[in-house]
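Encoded as structure tokens, the structure appears first; notes follow it.
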Amino acid sequence: MNPKRAMLEQKIKHFPVLLKEYIKIFDGKEIDFFLDGTLGAAGHARAILEAHPEIKTFIGLDKDQVALDLANENLKPWMGKANLFHENFKNLDKVLDEMNIEFCDGMFFDIGLSSMQVDEPERGFSFRYDAELDMRMDQNTEITAKDIINTWPEKKLEEIFREYGEERNSKKAAKEIVEKRRRNKINTTFELIKVLEPVLGKRRKIHPVTKIFQALRICVNDELNSLKEGLNKAILRLREDGIIGVISFHSLEDRIVKHTFKDDETLEVITKKPIRASFGEKNKRARSAKMRFAKKRKKNE
Ligand SMILES: C[S@@+](CC[C@H](N)C(=O)[O-])C[C@H]1O[C@@H](n2cnc3c(N)ncnc32)[C@H](O)[C@@H]1O
């Protein structure tokens with residue numbers, strides 16, 4: 001086996017979160033058009049294509065070219081019907097227009113980072129590895145975590161740490177960064193940790209910089225705005241009786257999903273409480289995952 005293929009095989013062995021529960025929701029549903037907005041390694045995509053051979057057209061998006069290459073590899077058996085795009089799901093309307101598809105019968109978003117992205121040291125997402133502060137999901141976008149840390153004003157840093165990280169020491173963290181970067185640019189994950197650890201203090205359950213890292217990656221990838229925009233567009237392109245589902249991994253995302261579903265009069269919420277992982281889930285990320293589904297009401301309902 002060639003080394004590139006072997007590496008892909010290795011990565012494909014990641015475990016999609018809440019897979020059985022996901023498939024169960026679509027059980028018995030006739031699906032012609034299905035959109036997966038966050039392909040990743042295409043674990044959920046494979047499962048839905050296996051469970052629903054009647055799917056005529058599958059549309060898959062990911063803003064990460066590495067993930068897309070992997071998904072391409074993983075979805076080879078369905079290449080006749082699978083159409084994959086390097087695209088942010090907030091632009092799903094453009095992709096559907098391009099394909100002349102007005103409505104989908106099912107839509108799914110497993111948002112946030114994949115374990116592949118977190119475990120790839122050079123992407124700079126993880127505080128476990130020493131790497132350049134990058135954190136871009138889409139390698140074509142310009143702004144990196146390094147740019148934010150080294151150029152944004154103190155007030156703005158404080159704001160993102162508070163809003164996107166819910167970090168209680170956001171003010172102290174921002175002040176320390178600005179002070180330290182005057183002398184030396186902060187280039188890497190470990191340099192940032194060295195600056196922040198003394199001001200953040202020890203935490204019992206999580207690494208002290210967890211929330212700052214979360215804030216940075218949400219900001220670099222404009223994650224919350226993409227989620228709001230993408231969900232609203234998805235709902236408009238969901239067929240009557242069609243089902244939309246989202247897996248989220250922290251409270252900021254889950255709040256958006258919950259309220260968007262609840263406040264939209266065209267939707268009926270299927271999961272009054274989010275579906276959570278059972279004890280036996282193999283994927284560690286599953287512990288914090290929450291999955292919610294809603295159905296598009298029929299016009300006369
Ligand atoms: C948790 S992984 C998906 C895993 C996938 N369900 C599987 O079974 O392999 C999330 C993926 O969504 C992608 N992503 C996150 N936000 C996105 C967005 N706004 N548009 C497109 N892709 C996005 C990430 O690049 C990542 O590959």
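All figures in this text were calculated on a predicted structure; none of them were measured in a lab. Just so you know, ligand 1 is whichever comes first in the structure, and atom 1 is the first atom listed for that ligand.
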Close-contact set for ligand 1 against A41 heavy atoms, below 4.0 Å: 7 (C), 9 (O)
Ligand-side contact atoms (ligand 1) for residue partner G43, heavy atom cut-off under 4.0 Å: 7 (C), 8 (O), 9 (O)
Per-atom contacts of ligand 1 with G112, taking only distances under 4.0 Å to non-hydrogen atoms: 10 (C), 11 (C), 12 (O), 15 (C), 24 (C), 26 (C)
Which of the ligand 1 atoms, numbered from 1, are nearer than 4.0 Å to a heavy atom of L39: 5 (C), 7 (C), 9 (O)
N/O donor-acceptor pair under 3.5 Å between T57 side chain and F33 backbone: no
A67: numbered ligand 1 atoms lying under 4.0 Å from its heavy atoms: 27 (O)
V17 heavy atom under 4.0 Å from ligand 1: no
Hydrophobic cluster identity match, L236 and F261, side-chain contacts under 4.5 Å: no
Distance in Å, M291 CE paired with L19 CG, rounded so as to fall on 0.5 Å steps: 9.0 Å
Atoms of ligand 1 close to N88 [distance to a heavy atom under 4.0 angstrom, numbered from 1]: 18 (C), 19 (N), 20 (N), 21 (C)
Test of proximity, S114 against ligand 1: N or O pairs below 3.5 Å: no
Shortest reach to atom 11 (C) of ligand 1 by a heavy atom, considering only L61, D62, I111: D62
Distance filter under 4.0 Å to G37 heavy atoms, resulting ligand 1 atoms: 21 (C), 22 (N)
Smallest separation among heavy atoms of T210 and I206, with atom names: OG1-CB, 3.7 Å
Interatomic spacing from CG in L200 to NE2 in H207 - rounded to 0.5 Å: 9.5 Å
Stepwise ring-ring contact (aromatic ring centres under 6.0 Å, His included) check, F108 with F26: CA-CA 11 Å; F108 180 63; F26 290 97; 7.6 Å; no
Nearest-0.5 Å distance, CG of residue L70 to CG of residue D64: 9.5 Å
Within-shell test, M137 vs ligand 1, heavy atom, strictly < 4.0 Å: yes
Of the listed options E87, K63, Q117, E229, closest to atom 17 (C) of ligand 1 (non-hydrogen atoms): K63
Point-to-point distance, once rounded to the nearest 0.5 Å, from NZ of K56 to CG of D32: 3.5 Å
Taking every non-hydrogen atom, the tightest pair across K81 and N83: O-ND2, 3.0 Å
Any M116 heavy atom less than 4.0 Å from ligand 1: no
Polar proximity ligand 1 side, A42 side, N/O cut 3.5 Å exclusive: yes
Contact atoms of ligand 1, heavy-atom distance to D64 under 4.0 Å: 25 (O)
Gap between atom SG of C219 and atom CD1 of I149 - 0.5 Å precision: 9.5 Å
Ligand 1 versus D138: contacting region, heavy-atom distance under 4.0 Å: neither
